[in-house]
Structure formats: structure tokens, C-alpha cells
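What's counted below: heavy atoms across the whole structure, side chains too, no hydrogens, waters or symmetry copies.
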Amino acid sequence: YNDDIPEVINYGTALSDADIKKVNSYLAIKYGISLGDNTTAVAYTNSAGTTIWSANTTYKYDIFGIGKDDGSGLYQTQSNSMNTGSGDGTGQSGKGNIVLSNASSLDNNDFLIVGHDNSALTEQTIELPAGMTGAKRLGREWHVQRTNDPGTVSLSFDITGLTLSGTLASQYKLLLDTDNDFSSGAITVSASSITSGKVTFTGVTLTNGSYFTIITSIPDPGVTGANLWLKANAGTTPSGSGTLTAWADQTGSQTTTVNGNPQKGTLGANFNDKVVFDGNGDYVEVPSSTLGTTSFTLNAIAKANTTSV
């Protein structure tokens, strides 16, 4: 063999189908394996044969979870799918790896398991709650099945390799709903941090039968109705100092193009970031429609400067 083998189980007799399901479910939960290989909907059971994940033909992808089962010796306190994670908590680039951890009350026969619908890990602006005009969310949705009471959990989402608008923790929210229509009845949980490409939500209650997705961009308050919003402390590439190559519109309405070599600087405008244009071919191009057909109102902060960043 040329494999990594973390566990081997042998029985001296042929197992029944029910017992095979128990063993397979134990191994699947422990090692983040999606039974059915993302093609067939498969139910999971605990060591007593009780269903802890009902087969679901829509949310059959990358199933994983945490749980405790004294009958099998299972005690999985943190988990991700082996299809999206690397086995040590890090995610595979572009896979949107989710880690569940830090359950506040994980006792015998408590389980929290999720699977997704295989929709794209790209942003959309539809099916959002009222009052979230200008926000963006992932197209992918996850389904939760919860057995007994594992309590609250931490949930992290790896944004490495994904093209998303949000650059600050304040722009990310977990969107939770009791059905898979997030336009009404949904609640949000704000991200607590972004560290090393991981957006983390803490103290999250995932109820049985619920659904969740992730808000990836929320316009800051104060620009309701604007069709262009450029600010140096959000949506810039690079996020720190250096030559500006991209500057994303924070309303999500416009596509911008950076020309020349404007310089991104940090803490240069009353402790806020700034972009320096040298008057020699540096400019940011926006669609002409941004200015409106007959009139427009433009507000900007600018300081004449002959020095570099």
C-alpha cells in the first residue's frame, strides 16, 4: 500500500447491513468522509442504529459533523469534510472548507452534521432578507441535522482561493433559516474575525433541520442609494501598501479599472488608508452610466499633495 491508514477494523464474521451502516457511519463522522461519495444520498446511524443523518438527495455533498457516541467510542469535537479540508484544520484552496468546533455541550449521542447542495461558491445578490440591499451571499447552501443538544459551536469558513467581495470581518455574516428561502425569516450571526484566510463565527446555534449560507459583502451604513462607493480601507488590491491594481466598488454596482500606478498607503488620512494619484496617468475608470443621465452628486475627500506615500 501507498496510503495513509489511520484506523483498521476487522470482524470475524459477516456483518448485517444494519451493522455495516453503524460502522460506516462511525468512520464517516470520525474522518470527515461523505458516505455515498457525493453521488448517492445515504443515511448515517449511531451505534444503537438510530438515524443521525437522514438521506437527503439535495444536500448529499461533503457531509461531515461532530458527535459523541459512547457505544462506539466516538468523540469527534471538531471536523471538516475530507473533500474540502486537509486533515489538520486547513482548507484546500477554492473549496470553501468549513470547520465545526468548540461545541459547548457535546454529550453521549449528541451529533451536529451538515451537508451542502453543491451550488457554486460564487456571490449572488438574490434571495436575501429585506433591508440587505447591496449585500452579496454565496450561492451554496448547507443543511443541518442535529441530534439531541450539542450546544453552540464555532464555525469557520476558508475563503482562500475564492473571489469574494468582503475583506473585513464586519462584511461577513452567517445567514440562518428554518427553510431554504433566505428572503424571509432568516437571522444573521456576525463574524468574529478573519485570520489567515478563515472567517470565524462563534457561539452559533445550528438548529435541527435548518439551513445556512454566508453573506460575503454588506455595504457599510451611510451610503444608502449610492451607486458607487470607493474607500481606501476596503476592496483594494493590495489591502496594505503598494501599487494599486484593483479597487472594488463597495455598493457592488460598478466595475472599476485601475490605470497607471496609483499607490495604496496606510494610516495616511487621519489614521485611515488612502490612494495617492501622481497626476501622471493615474486614474480609476468607472462606467459613464455611474454619473446618471441628467444629473449626479459626487462627494469625495482629496488633498493636494506633491509627496509620495
Side-chain angles (χ1 to χ4, degrees), residues 90-91 93-94 96 121-123 125 132-138 156-173 190-201 214-292 295-309:
T90 59
S93 180
L121 289 167
T122 54
E123 294 178 320
T125 57
M132 284 196 171
T133 301
K136 299 177 182 179
R137 50 154 286 200
L138 291 177
S156 69
F157 178 67
D158 196 326
I159 61 177
T160 305
L162 300 177
T163 303
L164 303 176
S165 300
T167 59
L168 306 173
S170 60
Q171 294 172 302
Y172 285 86
K173 292 184 182 294
S190 298
S192 58
S193 65
I194 296 181
T195 305
S196 300
K198 288 184 181 180
V199 182
T200 300
F201 306 87
I214 297 173
I215 300 288
T216 57
S217 176
I218 298 178
D220 289 342
V223 295
T224 302
N227 67 351
L228 175 70
W229 189 19
L230 300 177
K231 57 178 186 174
N233 64 342
T236 61
T237 304
S239 57
S241 298
T243 300
L244 187 74
T245 58
W247 200 356
D249 170 27
Q250 296 303 293
T251 72
S253 303
Q254 311 297 338
T255 300
T256 65
T257 303
V258 177
N259 295 272
N261 296 289
Q263 298 297 302
K264 168 67 187 302
T266 58
L267 304 181
N270 195 31
F271 305 100
N272 293 292
D273 294 358
K274 63 181 179 179
V275 175
V276 177
F277 298 85
D278 65 5
N280 186 25
D282 292 349
Y283 64 97
V284 175
E285 185 177 359
V286 299
S288 58
S289 59
T290 305
L291 301 180
S295 62
F296 65 93
T297 301
L298 178 67
N299 296 278
I301 297 295
K303 176 186 177 184
N305 193 357
T306 58
T307 62
S308 61
V309 176

Query raised in the report: Does a side-chain heavy-atom distance below 4.5 Å link F277 with V284?
Result: yes
Report task. With sequence neighbours excluded, tell me which residues meet side chain to side chain donor-acceptor pair (under 3.5 Å) with S165. Result -> E123, K136
Requested in this report: May I ask you to check whether T236 and K264 show a side-chain donor-acceptor distance below 3.5 Å?
Outcome: yes
Report task. Indicate yes or no for a side-chain donor-acceptor contact from E285 to the backbone of Y283 under 3.5 Å, with no hydrogens or angles considered. Result -> no
Query raised in the report: Heavy atoms, side chains only, cut-off 4.5 Å: are I159 and K198 in contact?
Result: no
Query raised in the report: Out of curiosity, L162 CG to L138 CG, how far, rounded to the nearest 0.5 Å?
Result: 7.5 Å
Requested in this report: Look only at the side chain of D282 and the backbone of N261, and say whether a donor-acceptor pair between them is shorter than 3.5 Å.
Outcome: yes
Query raised in the report: Is there a donor-acceptor pair closer than 3.5 Å between any side-chain N or O of S192 and the backbone N or O of T200?
Result: yes
Query - Heavy-atom side-chain proximity of T216 to Y172 below 4.5 angstrom - result: yes
Requested in this report: Give the minimum heavy-atom separation between G281 and D278, together with the two atoms involved.
Outcome: N-OD1, 4.5 Å
Report task. Check the pair V258 / T245 against side chain to side chain contact (heavy atoms under 4.5 Å, CB included), numbers first and verdict last. Result -> CA-CA 6 Å; V258 177; T245 58; 5.9 Å; no
Requested in this report: Could you tell me whether the side chain of Q254 and the main chain of N227 form a donor-acceptor pair under 3.5 Å?
Outcome: yes
